[in-house]
2 protein chains.
Amino acid sequence: MPSPQRKTPSVHDLPVDPRVEALVNEVIGRVADKWTMILIEVLIEHGELRFTRLGELAGGISQKMLTQTLRQMERDGLVIRTIHPVIPPRVEYRLTDLGLSLGEAFCGVWLWAEKNLQAIEDARVAFDIRAKA
Amino acid sequence: MPSPQRKTPSVHDLPVDPRVEALVNEVIGRVADKWTMILIEVLIEHGELRFTRLGELAGGISQKMLTQTLRQMERDGLVIRTIHPVIPPRVEYRLTDLGLSLGEAFCGVWLWAEKNLQAIEDARVAFDIRAKA
DNA sequence: CAGTATCCTTTATGATACTG
DNA sequence: CAGTATCATAAAGGATACTG
């Protein structure tokens with residue numbers, strides 16, 4: 001890795017419009033939401049799913065949050081919501097290409113988390129011991 | 001957060017230890033936190049920084065959240081906090097290898113957001129128009 | 001089934017004041 | 001400077017009841 005002193009070898013290798021950066025932050029804040037990530041994960045693994053099934057597979061999500069998160073995702077162009085006009089209603093959700101690409105981008109974080117779980121737990125234990133002193 | 005007995009199958013259909021998965025979710029939940037990501041970004045770009053400077057560069061963070069987020073990051077092994085015993089106090093923060101690797105993993109999401117900013121805005125506009133009908 | 005609507009609790013965050 | 005402590009409030013989220 002390049003030493004931190006060198007000219008910012010970060011994501012931004014070019015002059016960054018602060019307004020663009022602010023928007024990126026906002027998008028990341030919204031999009032990197034816990035339930036959004038989990039729903040994308042579930043949709044990648046299972047493909048198109050109905051509302052209730054999606055909730056079951058996500059695990060521990062309330063109906064309210066499920067609706068709310070799905071609406072946001074739909075608005076952001078991450079999922080497509082298909083209503084089948086039957087009784088009882090059948091509504092299915094699937095990822096758009098945009099949603100899929102976000103899942104792939106986020107995959108790196110997921111892998112990072114799995115890989116470094118133990119390191120984090122160790123760090124916490126060490127910190128808590130230090131903190132007691 | 002622990003959901004009361006989830007008979008729900010795991011996010012993966014693969015044999016994944018649910019406790020591991022819960023931890024991964026928790027870690028991602030924390031890591032996908034807005035200020036954590038911004039602080040990592042700033043630390044990658046500027047290297048070791050003092051408390052106040054870090055806050056300035058992060059932009060719009062309250063002292064309370066800065067302290068709180070940095071403590072969490074330190075506990076998770078993402079940053080190292082160095083206290084120089086002088087008056088006035090001088091405390092510097094820098095990323096650990098773990099913190100740096102998280103920044104790199106998250107880089108994909110950052111790039112995704114930059115790249116797809118316009119697509120998201122377009123999707124929102126389109127959705128809002130549809131919603132009015 | 002797939003939501004809405006409502007109430008209510010918890011959590012997150014901000015503002016302010018104070019200290020070694 | 002680099003915090004800590006406290007109060008206040010906004011926002012997130014859950015439980016429950018109801019509906020087309």
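Just so we're on the same page: letters track the sequence lines, and every chain starts at 1.
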Exercise. Of all the choices, dC1(C), dG3(C), dG3(D), which nucleotide is nearest to the side chain of P89(A) once you look at every atom?
Worked result: dC1(C)

For this session: Find the distance H84(B):NE2 to dC1(D):C1' and express it as a whole number of Å.
Result: 14 Å

Problem set entry | Nucleotide-level pairing of DNA chain D, given in dot-bracket where Watson-Crick and G-U pairs need both distances under 3.5 Å and | marks other strands | ||||||||||||||||||||

Exercise. In Å and rounded to the nearest 0.5 Å, what is the OG1 to CD distance from T52(B) to Q63(B)?
Worked result: 7.5 Å

For this session: Looking at every strand, decide which applies to Q63(A) at a 4.0 Å heavy-atom threshold: base, sugar-phosphate, or nothing.
Result: base

Exercise. Given dC1(D), is OP1 or OP2 found less than 4.0 Å from the side-chain N or O atoms of Y93(B)?
Worked result: no

Seminar exercise, completed: CZ (F106(A)) and OG1 (T36(A)) are apart, to the nearest 0.5 Å, by 10.0 Å

Exercise. Around atom CG of D97(B), are there more than 12 heavy atoms of other residues, nucleotides or ligands at under 6.0 Å?
Worked result: no

For this session: Could you tell me whether the phosphate oxygens of dC1(D), OP1 or OP2, come under 4.0 Å of any side-chain nitrogen or oxygen in T52(B)?
Result: no

Exercise. What is the distance from CG of L66(B) to C1' of dT4(D), rounded to the nearest Å?
Worked result: 14 Å

Problem set entry | Options dC1(C), dA2(D), dC7(D), nucleotide nearest the side-chain atoms of P88(A) | dC1(C)

For this session: Return the value, rounded to whole Å, for the distance between atom CD of Q68(A) and atom P of dA15(D).
Result: 15 Å

Problem set entry | Charged N-O contact under 4.0 Å between E92(A) and R90(A) | yes

Problem set entry | Nearest-angstrom distance from the residue atom CD1 of I83(A) to P of dA2(C) | 11 Å

For this session: Drop me the distance from I120(B)'s CD1 to W112(B)'s CH2, to the nearest 0.5 angstrom.
Result: 3.5 Å

For this session: Would you kindly give the CD1-to-C1' distance between I61(B) and dA15(C), to the nearest whole Å?
Result: 15 Å

Exercise. For R71(B), which contact category applies under a 4.0 Å heavy-atom criterion: base, sugar-phosphate, or nothing?
Worked result: sugar-phosphate

Seminar exercise, completed: Assert: residue with more 5' nearest nucleotide on DNA chain D, out of W35(A) and R90(B), is R90(B)

Problem set entry | Rounded interatomic separation in angstrom, taking CE from M65(A) and C1' from dT10(C) | 14 Å

Exercise. Side-chain donor-acceptor pair under 3.5 Å between Q72(A) and D76(A), yes or no?
Worked result: no

For this session: Return the nearest nucleotide to the side chain of T67(B); candidates are dC1(C), dG3(C), dG3(D).
Result: dG3(D)

For this session: Output yes when at least one side-chain N/O atom of R50(A) is less than 4.0 Å from OP1 or OP2 of dG3(C), else no.
Result: no

Problem set entry | side chain to side chain contact (heavy atoms under 4.5 Å, CB included) assessment of R81(A) paired with R71(A) | CA-CA 9 Å; R81(A) 175 165 172 266; R71(A) 282 293 176 286; 3.4 Å; yes

Exercise. Once you round it to whole Å, what is the distance between P of dC1(D) and NZ of K64(B)?
Worked result: 22 Å

Problem set entry | L49(A) CG to dA2(C) C1', straight-line distance once rounded to whole Å | 15 Å

